[in-house]
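Below is one structure, written out as structure tokens; the observations come after it.
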Amino acid sequence: MEHVWQRDHLPKLEVSNLDAGDIAVCGSFAEHAAILPLLLPELDEDRIVFVAPLASRSDLEWILRGLHLHPNVRHLVVSGDDQKASGEALLALWQHGLDEGGRLPGSRGSLSSGLEKAPVEALRTYVQIWDCRGKPLAEVARSILDLPALPKEREPQ
């Protein structure tokens, strides 16, 4: 079975500017809550690429695939309640990378095939991650306003 990011995960996203935005937001949010409209009163919607769920390891993997597919994303903002520690796993991945066996830091298991150490390392170097978990969305939006615009320096993979 071939997994295609656009077909399989895109319906779960709130999409703003896939072609040129430089910021993606992910997190565990109340089910079916539209996050983008809550962020936009404070933000320039052209900078937000997408808002993605992050409630499971599967969501984490889809976010990694999306970051490879959309190299214009230079900032990843992790927000929400993080009830299942998926945000913690993503932040640990960015801080420590995959181990020599290709496993996530700690006892979090492995990523699916196709998400190997070298491509994950490339993302860790290229995309800056910001921990805004547990903050009100208005505060997250203000934090996003302070993120510097960074140029796209790679091609989609």
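Side-chain contact between V77 and C26 is absent, with no heavy atoms from C-beta onward closer than 4.5 Å. Two residues are said to be in side-chain contact when any heavy atoms from C-beta on lie closer than 4.5 Å; L137 and L39 meet this criterion. In this structure, V25 and I144 have side chains that are in contact, with non-hydrogen atoms separated by less than 4.5 Å. Side-chain contact between E155 and K152 is present, with at least one heavy-atom pair separated by less than 4.5 Å. Proximity of R74 to P148: side-chain heavy atoms (C-beta onward) are nowhere separated by under 4.5 Å. Side-chain atoms of L60 and S86, non-hydrogen and from C-beta on, never get closer than 4.5 Å to each other. The closest side-chain heavy-atom distance from R142 to C132 is not below 4.5 Å. You'll find the side chain of R47 stays beyond 4.5 Å of the side chain of S16, heavy atoms only.
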Side-chain donor-acceptor pairs of residues 122-130 under 3.5 Å, sequence neighbours excluded:
from : atom 1 : to   : atom 2 : distance (Å)
R124 : NE     : L93  : O      : 3.2
R124 : NE     : W94  : O      : 2.9
R124 : NH1    : E121 : OE1    : 2.6
R124 : NH1    : E121 : OE2    : 2.6
R124 : NH2    : W94  : O      : 3.1
R124 : NH2    : Q95  : O      : 3.3
T125 : OG1    : E121 : O      : 3.0
Y126 : OH     : P71  : O      : 2.7
Y126 : OH     : E153 : N      : 2.8
W130 : NE1    : H75  : ND1    : 3.1

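Atom CG of residue D131 and atom CG of residue L91 lie 4.5 Å apart, to the nearest 0.5 angstrom. The structure places CG of L13 at 13.0 Å from CD1 of I35, a figure rounded to the nearest 0.5 Å. Here NE2 of H68 is found 6.5 Å from CG of L115. Values are rounded to the nearest 0.5 Å. Taking CD1 of I63 as the reference point, atom CG of L54 lies at 4.5 Å (rounded to 0.5 Å). Atoms CG and CD1, from N72 and I23 in turn, are 11.0 Å apart once rounded to the nearest 0.5 Å.
F50 and L18 make their closest contact through CD2-CD2, 4.0 Å (heavy atoms, listed as atom of the first residue, atom of the second, distance). Between V51 and L36, the shortest heavy-atom distance links the atoms CG2-CD1, 4.0 Å. Smallest separation of non-hydrogen atoms from V140 and S79: CG2-CB, 4.2 Å. Minimum heavy-atom separation, R57 to G109: NH2-CA, 3.9 Å.
For D82 and R133, the salt-bridge test passes: some basic side-chain N is under 4.0 Å from an acidic carboxylate O.
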Fill in: Worked check of side-chain contact (heavy atoms from CB on, under 4.5 Å) between L111 and L104
CA-CA 7 Å; L111 297 176; L104 291 163; 3.9 Å; yes

